[in-house]
Amino acid sequence: MVKSLSILGCTGSIGRQSIAVAEHLGLPVAALTANRQIDRLEEQARRLHPKFVAVYDEQAAKDFKIKIGDTDIRVGAGIEGLIEAATLPEADCVVTAVSGAVGLKPTLAAIDERKRIALANKETLVCAGSLVMARAKEKGAEIVPVDSEHSAIFQCLMGRKSGELRRILLTGSGGPFRGRARAELEDITPEQAVRHPNWHMGAKISVDSATMMNKGLEFIEAMHLFGVTPDDIQVVVHPQSVIHSMVELCDGTVIAQLGVPDMGLPIQLAMTYPERCPSMFERLDFFKLGALTFEEPDLEKTPCLALAMEAARTGGTMACVMSAANEVAVHLFLAHRLGYNRIYDAAKAAVEAVGVVQDPDLDTILAADEAARRYVREHYGQ
């Protein structure tokens with residue numbers, strides 16, 4: 001088990017659950033970071049007494065510093081603050097629960113310090129998977145996935161020898177609009193899209209689950225995390241969200257990881273691995289489950305998933321551009337400024353407009369991310 005944590009993105013859904021798990025396990029929190037939610041951050045900081053808190057938004061950082069002026073907590077700001085939180089000597093594990101490419105530099109900095117990365121930030125691997133995994137191997141840093149699907153695959157592969165894996169079976173619920181044609185989704189509202197049938201998540205990831213872009217991002221992540229090709233991954237729609245993913249081994253054996261749909265379980269494993277500890281979460285009751293069903297994804301009805309799978313095969317900066325464009329488009333949708341079906345249109349158009357650079361370095365990746373965001377804001381944000 002790790003000894004102390006830095007939690008990047010502590011006010012979001014994963015960040016809050018990470019704090020709850022840390023308190024359950026009795027793990028101290030050495031650093032916290034947030035973007036703008038300083039009221040919630042203040043409550044967390046006063047309860048957890050971290051040594052350092054970083055607020056990404058510069059003005060919010062100034063306001064937060066005034067709020068906790070009666071404490072001895074140091075306060076940082078901007079990307080420099082996030083990097084300091086990620087590299088704080090007192091913490092040996094960094095939970096990366098920030099959203100967007102902003103998590104990339106802090107994650108790489110933590111890897112350079114050989115921290116354990118409890119990885120919940122999708123963009124880290126979607127945008128720069130080859131770079132990040134190579135750096136982790138070079139530095140000897142552990143990356144333990146927090147996404148329920150990747151945690152499931154990670155667990156299924158524990159103790160397996162290299163070469164035993166035949167393919168990854170990546171499961172997904174299909175979201176609240178499973179099976180509905182794209183033409184039927186034209187008038188979907190944000191309120192409808194965030195009502196996931198099984199999971200309680202933040203608004204952005206809930207919309208991504210509805211469009212199945214989330215499954216596409218996970219497809220790309222799995223490719224990098226487990227060193228496989230796109231042809232080694234099969235997406236399986238599993239509406240009950242009980243089997244979190246599976247692996248098929250070379251002899252035909254299939255190993256699955258099952259559990260209740262609660263992100264606290266993979267979060268806890270990332271903190272305790274290779275040990276397991278009693279958790280505070282509901283147990284799976286097989287007698288209440290009923291049937292477990294499986295479907296092949298319909299890529300015509302889920303073009304976001306199809307686009308992400310294309311990005312996985314194309315490589316270079318395509319996944320980065322797609323992910324950044326999608327993020328901006330989803331926020332416009334949540335603000336009632338963009339139609340639901342236009343999320344895919346914006347991501348696809350950004351890929352075509354920005355283009356793809358193969359074998360990019362970090363600066364090229366970050367430039368592609370910003371170009372995609374700017375394109376969607378300018379062409380779809382009116």
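Heavy-atom basis, side chains included; hydrogens, waters and symmetry copies ignored. As the structure is a prediction and not an experimental result, all values here were calculated from the model. In this chain, numbering begins with 1 at the start of the sequence shown.
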- Message: I need the minimum non-hydrogen distance between A308 and G216, along with the two atoms involved.
- Response: CB-CA, 3.3 Å
- Within a radius of less than 6.0 Å around NZ of K51, do more than 12 heavy atoms belonging to other residues, nucleotides or ligands occur? no
- Query: Do K161 and E164 meet the salt-bridge criterion of a basic N to acidic O distance under 4.0 Å?
  - Reply: no
- Item | Heavy-atom pair with the smallest gap, counting every atom of V228 and A222 | CG2-O, 4.0 Å
- Output yes when a side-chain donor or acceptor of H24 lies under 3.5 Å from a complementary backbone atom of A20, and no otherwise. no
- Would you mind reporting whether V330 and L338 have side-chain heavy atoms less than 4.5 Å apart? no
- Item | CD1 on I243 to CD on Q240, rounded to 0.5 Å | 8.5 Å
- Query: V328, V321: one ILVMFWY side-chain cluster at the under-4.5 Å cut-off?
  - Reply: no
- Task: With the side chain counted from C-beta on, respond yes when S173 and S241 share a heavy-atom pair under 4.5 Å apart, and no when they do not.
- Result: yes
- Message: If hydrophobic clusters are built by linking Ile, Leu, Val, Met, Phe, Trp and Tyr wherever their side-chain heavy atoms come under 4.5 Å apart, do I168 and I255 end up in the same one?
- Response: yes
- Message: Hydrophobic clusters here meaning ILVMFWY residues chained together by side-chain heavy-atom distances under 4.5 Å, can you tell me if I7 and I111 are in one?
- Response: no
- Query: Going by an N to O cut-off under 4.0 Å, is there a salt bridge joining R377 and E370?
  - Reply: yes
- Between atom CD of E327 and atom CE of M213, what is the distance when rounded to the nearest 0.5 Å? 11.5 Å
- Pairwise salt bridge (Lys or Arg N to Asp or Glu O under 4.0 Å) hits with a residue in residues 238-253, at least two apart: R166-E248, R167-E248
- Message: Counting C-beta onward and ignoring hydrogens, is there a side-chain heavy-atom pair between S279 and Q268 closer than 4.5 Å?
- Response: yes
- Item | Q155 and S151: side chain donor to acceptor below 3.5 Å | yes
- Note on the structure: Checking H49, Q44, E43 against R47 for side chain to side chain donor-acceptor pair (under 3.5 Å), the one that qualifies is E43
- Message: Quick check: F154 with F226 (ring centres under 6.0 Å apart)?
- Response: no
- For D361, check salt bridge (charged side-chain N to carboxylate O under 4.0 Å, His left out) against everything at least two apart and list the hits. none
- Item | Main-chain N/O of T189 paired with Q192 side-chain donor or acceptor, under 3.5 Å | yes
- Task: Dump the intermediate steps for side chain to side chain contact (heavy atoms under 4.5 Å, CB included) on K204 and H331, then the final yes or no.
- Result: CA-CA 7 Å; K204 195 267 180 181; H331 286 305; 4.2 Å; yes
- Query: Which value, rounded to the nearest 0.5 Å, describes the distance between L32 atom CG and F52 atom CZ?
  - Reply: 10.5 Å
- With sequence neighbours excluded, tell me which residues meet salt bridge (charged side-chain N to carboxylate O under 4.0 Å, His left out) with K115. none
- Task: Would you indicate whether R114, at its atom CZ, is surrounded by more than 12 heavy atoms from other residues, nucleotides or ligands within a distance under 6.0 Å?
- Result: no
- Item | Crowding at CD, E300 (>12 non-hydrogen neighbours, <6.0 Å) | no
- Item | Closest contact, heavy atoms only, C304 versus T211 | CB-O, 3.6 Å
- Pairing of E84 and R74 as salt bridge, 4.0 angstrom limit: yes
- Indicate yes or no for a side-chain donor-acceptor contact from K301 to the backbone of G179 under 3.5 Å, with no hydrogens or angles considered. yes
- Task: Mark yes or no for whether N121, through its side chain, and G100, through its backbone, hold a donor-acceptor pair below 3.5 Å.
- Result: yes
- What's the verdict on side chain to side chain donor-acceptor pair (under 3.5 Å) for S13 and Q17, showing C-alpha distance, side-chain angles and the deciding distance? CA-CA 6 Å; S13 176; Q17 290 177 82; 3.2 Å; yes
- Mind checking side-chain hydrogen bond (donor to acceptor under 3.5 Å, both in side chains) for E142 and listing every partner two or more places apart, or none if nothing turns up? R116
- Query: Considering only heavy atoms from C-beta outward, does the side chain of R178 approach that of P239 to under 4.5 Å?
  - Reply: yes
- Shared hydrophobic cluster for L269 and F281 (ILVMFWY, side-chain gaps under 4.5 Å): no
- Check whether any side-chain heavy atom of I153 lies under 4.5 Å from a side-chain heavy atom of L169, and answer yes or no. no
- Item | Which residues share a salt bridge (charged side-chain N to carboxylate O under 4.0 Å, His left out) with E90, sequence neighbours left out | none
- Item | side chain to side chain contact (heavy atoms under 4.5 Å, CB included) assessment of M263 paired with V146 | CA-CA 8 Å; M263 284 301 300; V146 165; 4.0 Å; yes
- Query: P145 and I143: which non-hydrogen atoms are nearest, and at how many Å?
  - Reply: CD-O, 3.8 Å
- Message: When you compare the side chains of D57 and Q59, does any donor N or O come within less than 3.5 Å of an acceptor on the partner?
- Response: no
- Has the side chain of T272 got a donor or acceptor atom that lies under 3.5 Å from a matching backbone atom of E275? yes
- Between the side chains of S245 and Q257, does any donor sit under 3.5 Å from an acceptor? no
- Message: Tell me whether the count of non-hydrogen atoms from other residues, nucleotides or ligands lying under 6.0 Å of CD in E282 goes above 12.
- Response: no
- Query: Do the non-hydrogen side-chain atoms of T33 and V98 ever get within less than 4.5 Å of each other?
  - Reply: yes
- Item | Side chains of V357 and M318 in contact at under 4.5 Å (non-hydrogen atoms) | no
- Side chain T87, main chain A109, donor-acceptor under 3.5 Å: no
- Would you call D39-K67 a salt bridge at under 4.0 Å N-O? yes
- Query: Should L170 and E218 be marked as a side chain to side chain contact (heavy atoms under 4.5 Å, CB included) after you check the CA-CA gap, both sets of side-chain angles, and the distance that decides it?
  - Reply: CA-CA 8 Å; L170 182 69; E218 290 172 359; 4.2 Å; yes
- L5 versus V94: any side-chain heavy-atom pair under 4.5 Å? no
- Do you know the tightest heavy-atom contact between A110 and I117? CB-CD1, 3.5 Å
- Any sub-3.5 Å donor-acceptor pair from T317's side-chain atoms to I365's backbone N or O? no
- Separation between CG of L27 and CD1 of I19, rounded to the nearest 0.5 Å: 12.5 Å
- Query: Within the side chain of N341, is there an N or O that forms a donor-acceptor pair under 3.5 Å with the backbone of R182?
  - Reply: yes
- Taking only residues two or more places apart in sequence, or in another chain, which ones meet R46 in a salt bridge (charged side-chain N to carboxylate O under 4.0 Å, His left out)? E42, D70
- Query: For the hydrophobic clusters of this structure (ILVMFWY residues joined by side-chain heavy atoms under 4.5 Å, transitively), does one cluster hold both M223 and L165?
  - Reply: yes
- Task: Starting at OG1 of T11, measure out to CG of L41 and round the result to the nearest 0.5 Å.
- Result: 7.0 Å
- Measure the spacing between CG of D208 and CG of N326 and express it to the nearest 0.5 Å. 4.5 Å
- Message: Counting only heavy atoms from other residues, nucleotides and ligands, does the tally under 6.0 Å from CD of E138 exceed 12?
- Response: yes
- Note on the structure: Looking only at heavy atoms, the pair that brings L8 and L82 closest together is CD2-O, 4.3 Å
